[in-house]
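Report on one structure; see the data block that follows.
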Amino acid sequence: MSSLVVDLVLCGFAYVVLIYFVATMTKSKISRKNGNNDDGDGGVEDFSPPKIDLPPGVIWPSDGPKSKKPAEPVEI
């Protein structure tokens with residue numbers, strides 16, 4: 001075998017070993033005891049959407065008029 005093939009095999013082996021160590025070191029350490037659904041983030045859960053500040057004159061469609069009154073017929 002040429003030295004290029006030997007170098008490629010050794011680099012491939014080193015790559016596999018490196019990925020293995022990185023994967024084992026970064027594995028999540030959260031234990032799933034007692035069947036709780038705690039994901040470990042902590043804090044207060046707030047599922048309400050954020051209030052977005054709109055420019056003047058712009059309204060959300062849900063804040064618009066609820067019913068439209070028919071326009072009066074125009075006589076010509």
Side-chain angles (χ1 to χ4, degrees):
M1 289 198 301
S2 69
S3 63
L4 177 64
V5 174
V6 173
D7 286 343
L8 289 176
V9 169
L10 289 176
C11 286
F13 179 71
Y15 179 77
V16 169
V17 170
L18 179 68
I19 294 300
Y20 172 75
F21 282 123
V22 168
T24 56
M25 296 290 185
T26 60
K27 191 185 328 181
S28 178
K29 301 288 184 186
I30 298 173
S31 63
R32 301 284 181 177
K33 295 180 185 176
N34 301 329
N36 63 358
N37 292 330
D38 184 22
D39 59 357
D41 289 339
V44 178
E45 293 182 6
D46 185 16
F47 295 113
S48 62
K51 183 70 177 163
I52 299 176
D53 187 25
L54 296 174
V58 178
I59 61 170
W60 290 104
S62 60
D63 295 338
K66 302 297 179 199
S67 63
K68 293 184 178 181
K69 296 179 181 175
E72 303 250 344
V74 178
E75 295 184 21
I76 299 178

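- The nearest pair of heavy atoms linking Val22 to Thr26 is O-OG1, 2.8 Å.
- Clustering ILVMFWY residues whenever any of their side-chain heavy atoms sit less than 4.5 angstrom apart, transitively, puts Val16 in a cluster other than the one holding Phe13.
- Under a hydrophobic clustering in which Ile, Leu, Val, Met, Phe, Trp and Tyr are joined whenever their side-chain heavy atoms come within less than 4.5 Å, directly or via other members, Ile52 and Val58 fall into the same cluster.
- With rounding to the nearest 0.5 Å, the separation of CG in Leu18 from SG in Cys11 is 11.5 Å.
- Tested against Val6, the residues Leu10, Val9, Leu8 include a single side-chain contact (heavy atoms from CB on, under 4.5 Å) partner, Leu10.
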